[in-house]
Colleague: 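My structure is below; once you've seen it, I'll send some questions.
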2 protein chains.
Amino acid sequence: MAAELKVSRTTISNAYNRPDQLSADLRERVLATAKQLGYPGPDPVARSLRTRRAGAVGLMITEPLNYSFSDPAALDFVAGLAESCEEVGQGLLLVAVGPNRSVSDGTAAVLAAGVDGFVVYSASDDDPYLPVVQQRALPLVVVDQPKHVAGASHVGIDDRAAMRAMAEHVLELGHREIGLLTMRLGRERPDAGVVAVADPDRAGTPHFDVQGDRIQGVRDAMTAHGVDPQKLVIVESFEHQPTSGGLAAEVALEANPRITALMCTADVLALSAMDYLRARGIYVPGQLTVTGFDGIPDAISRGLTTVRQPSIEKGRRAGRLLHQPSRSGLPEIEVLDTELIRGRTSGPPA
Amino acid sequence: MAAELKVSRTTISNAYNRPDQLSADLRERVLATAKQLGYPGPDPVARSLRTRRAGAVGLMITEPLNYSFSDPAALDFVAGLAESCEEVGQGLLLVAVGPNRSVSDGTAAVLAAGVDGFVVYSASDDDPYLPVVQQRALPLVVVDQPKHVAGASHVGIDDRAAMRAMAEHVLELGHREIGLLTMRLGRERPDAGVVAVADPDRAGTPHFDVQGDRIQGVRDAMTAHGVDPQKLVIVESFEHQPTSGGLAAEVALEANPRITALMCTADVLALSAMDYLRARGIYVPGQLTVTGFDGIPDAISRGLTTVRQPSIEKGRRAGRLLHQPSRSGLPEIEVLDTELIRGRTSGPPA
DNA sequence: CTGAAAGCGCTAACAC
DNA sequence: GTGTTAGCGCTTTCAG
């Protein structure tokens, strides 16, 4: 350290961190000499070690990156989180631990993150990195899923109720044969294929709580309407491609050609399904009702019947939970509101 | 440090970092005791201080966050960078220093970032944070702009040539009255308004090199075709809203109703302009030719005549430059290829 | 294969 | 308003 320019290290430190602790004149001189000597200012790492604050929060992304970066809802969440970090002058450290990477590498990355707290976004309940991030013993906020993580705060919505409301809407229109297109239900690729009808085993014990809750929501509504919930055809799209929804729609209609409504657990799925149906000359909602979930701008502008959830707000809340922890120190649960949007893609069955 | 479980600190350290340096049995015992004692493993910050490696790269974003998160081209860049970081097990630290924040706060954030290198994405040549990040004396990669930063590597395209090629295309179709819709040309909001014709002063000395080069490219082509480059109507959109392109189109057509071609420096601008024109009942390309820049998926699918640039690849390259620096240690310049896409939005003037 | 000692660069307490 | 001292938690020689 350049204490040798003329004064002690404290003075240097003060020059940078406490302008009021020394004469403006001296401070000027210190800074000038520093610049001249090429001293880049206090080392942030050393400072972090001493102050025990890293000045950043970690965002652990366990899904493949192209997944997160292609879903507007996920991006909105990140934007909201980034925004709340910017507000308080914190950095946001993306820790990507997708399937392209060995678990040990990923573990190392989580362990190496110099952060003051973690946000976990939408992980499966058996995610291998969850124990690792818990081990860090830092403030932790889980967004969306898993729904229950010991010691972690949570930000999410009532997926079951929201999806149930959507299913009520569909059932009230008169639909009885329903297909549900869902994102992956487990970390492992299903034997049946990348896009396939989920076998009862897999659909019965989903490792992604959000998907599970939404399935349950549909079944709740079916039961309430006297429809056998076992009749629901669930198609799982394991990957996240622009055409996934279309493929899933095709699989669903093959599995049960009498389906009159396709409910999707994400707008991106629904929009892709609509593209597929249009290409096939199938009219929406005349011949088939399609519903989504998320309320992304594209869905709204295309008139999709969907559930709007406040994705940006989720990010902001997650940030806030980290930046201004509750006085009790106990984890907090925030359940945000959703809104059913009746668009132009749902109508009575043909 | 929990050296007191039974052995020395070295042994603990080795247990975590050098499994081969001690008996598997002892290692087991150490790890078990650690878990029992609730020792979360080596502190990443202390380790970074000692090893002089932070395990992360910083991404400095000087534009407002909603700007970056609403432009697919910018997102693709981030995705590419994140991908290359994931590959090598590095984190990606977002340092947002937008205009919502005081310069001193932003400076502090840049100075506080515990990273091994920085990427600066698309900043103005007079950005106040540029000197700060340079002061850090870390490996630095600038993407897009400014085109020349001392000591920094650069990843970008030949904006001038790419835009010139597009202008040639437009001129060859016969257009002579051209409007150019561009992103902001300076950090300060122009006096004329958020969306306004850029006065010669402002258009003549743009602080965003990319925009400047693209303007120059259009003028090059005009000159080559014997058209007075001063006739070009340049409309600057200072902010980045979904309707910005439409507003800019309106301003351009008001300034010169004889315009037959609207060239845009971004697809998002062009698509918004198309929406506006459609709402006004103006046919593209029948009555007006519209061109874009970037080659985002939406533009391609809507048949926009545009320039495709490899945004994801830019991110990957930027990451690579940081992760595997040249052996010479000298800054490197990478100029990526672009491709002119002749879509369905350009045609002969009416 | 294991231990002792040094020190990364900084800031917080406290004395002057 | 300025200097002295101690130590954040770790890894890295170097000896045993």
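All values below were derived from every heavy atom in this structure, side-chain atoms included, with hydrogens, water molecules and symmetry-related copies excluded. Naming convention: chains lettered A, B, ... in sequence-line order (proteins, then strands); numbering from 1 in each chain.
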Colleague: Does the side chain to side chain contact (heavy atoms under 4.5 Å, CB included) test come out yes or no for A:Asp43 and B:Arg52, once each step is laid out?
Modeller: CA-CA 10 Å; A:Asp43 180 310; B:Arg52 316 265 38 178; 2.5 Å; yes
Colleague: As an exercise, state the distance from CG of A:Leu92 to CD of A:Gln90, rounded to the nearest 0.5 Å.
Modeller: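 Those atoms lie 10.0 Å apart.
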Colleague: Remember a base hit wins even if backbone is also touched, and classify B:Asp20 as base, sugar-phosphate or nothing at under 4.0 Å, heavy atoms.
Modeller: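 B:Asp20: backbone/sugar contact only, no base atoms under 4.0 Å.
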Colleague: Tell me whether the OP1 or OP2 atom of C:dA12 has a side-chain N or O from A:Arg18 closer than 4.0 Å.
Modeller: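 For C:dA12, OP1 or OP2 has a side-chain N or O of A:Arg18 closer than 4.0 Å.
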Colleague: If I take atom CG in residue B:Leu49 and atom P in nucleotide C:dG7, what distance separates them, rounded to the nearest angstrom?
Modeller: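 Going from CG in B:Leu49 over to P in C:dG7 covers 14 Å.
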Colleague: Can you measure from CG (A:Leu93) to CG (A:Leu59) and round to the nearest 0.5 angstrom?
Modeller: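 One finds 9.0 Å between CG of A:Leu93 and CG of A:Leu59.
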Colleague: Side chains of B:Ser68 and B:Glu63 only: does a donor on one sit below 3.5 Å from an acceptor on the other?
Modeller: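 B:Ser68 vs B:Glu63: no donor-acceptor pair found between side chains.
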Colleague: Indicate the ring-plane relationship of A:Tyr39 and A:Tyr16, choosing parallel, tilted or perpendicular according to the 30° and 60° boundaries.
Modeller: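 Judged by the thresholds at 30° and 60°, the geometry between A:Tyr39 and A:Tyr16 is perpendicular.
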Colleague: Rounded to the nearest Å, what distance is computed from the CZ atom of residue A:Arg53 to the P atom of nucleotide D:dC8?
Modeller: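 For the pair A:Arg53 CZ and D:dC8 P, the rounded distance is 17 Å.
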Colleague: D:dG3 P sits how many Å from A:Ile12 CD1, rounded?
Modeller: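 After rounding, the reported distance stands at 9 Å.
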Colleague: Hey, does the side chain of B:Arg52 come within less than 4.0 Å of C:dC8's phosphate (OP1/OP2), counting only N and O?
Modeller: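 No.
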Colleague: If I take atom CD in residue A:Glu28 and atom C1' in nucleotide D:dG1, what distance separates them, rounded to the nearest angstrom?
Modeller: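 Computing the A:Glu28:CD to D:dG1:C1' distance gives 17 Å.
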Colleague: Write down the distance between OH (A:Tyr16) and C1' (C:dG9), rounded to a whole number of angstrom.
Modeller: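 It works out to 13 Å between those atoms.
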Colleague: Roughly how many Å is it from CZ in B:Arg47 to P in D:dC8, rounded to a whole number?
Modeller: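 Checked: the CZ to P distance equals 18 Å.
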Colleague: Nearest to the side chain of B:Ala46 - C:dT11, D:dT12, D:dG9?
Modeller: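 When the side chain of B:Ala46 is considered, D:dG9 is the closest of C:dT11, D:dT12, D:dG9.
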Colleague: Would you tabulate the pairs of protein nitrogen or oxygen atoms and nucleotide nitrogen or oxygen atoms of nucleotides 2-6 of chain C closer than 3.5 angstrom?
Modeller:
{"residue": "C:dT2", "atom": "OP2", "partner": "B:Ser23", "partner atom": "N", "Å": "3.4"}
{"residue": "C:dG3", "atom": "OP2", "partner": "B:Ser8", "partner atom": "N", "Å": "3.4"}
{"residue": "C:dG3", "atom": "OP2", "partner": "B:Thr11", "partner atom": "OG1", "Å": "2.6"}
{"residue": "C:dA4", "atom": "N6", "partner": "B:Thr10", "partner atom": "OG1", "Å": "2.8"}

Colleague: What is the separation between atom CG on B:Asp43 and atom C1' on C:dG9, rounded to the nearest whole Å?
Modeller: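 The distance from CG of B:Asp43 to C1' of C:dG9 comes to 15 Å, rounded to the nearest Å.
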Colleague: Validate the cation-pi geometry between A:Arg189 and A:Phe238: distance from NZ or CZ to the six-membered ring centre under 6.0 Å, angle to the ring axis within 45°.
Modeller: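 No, A:Arg189 does not lie over the aromatic ring of A:Phe238.
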Colleague: Can you name the residues that form a ring-ring contact (aromatic ring centres under 6.0 Å, His included) with A:Tyr67, not counting sequence neighbours?
Modeller: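 ring-ring contact (aromatic ring centres under 6.0 Å, His included) check on A:Tyr67 returns A:His240.
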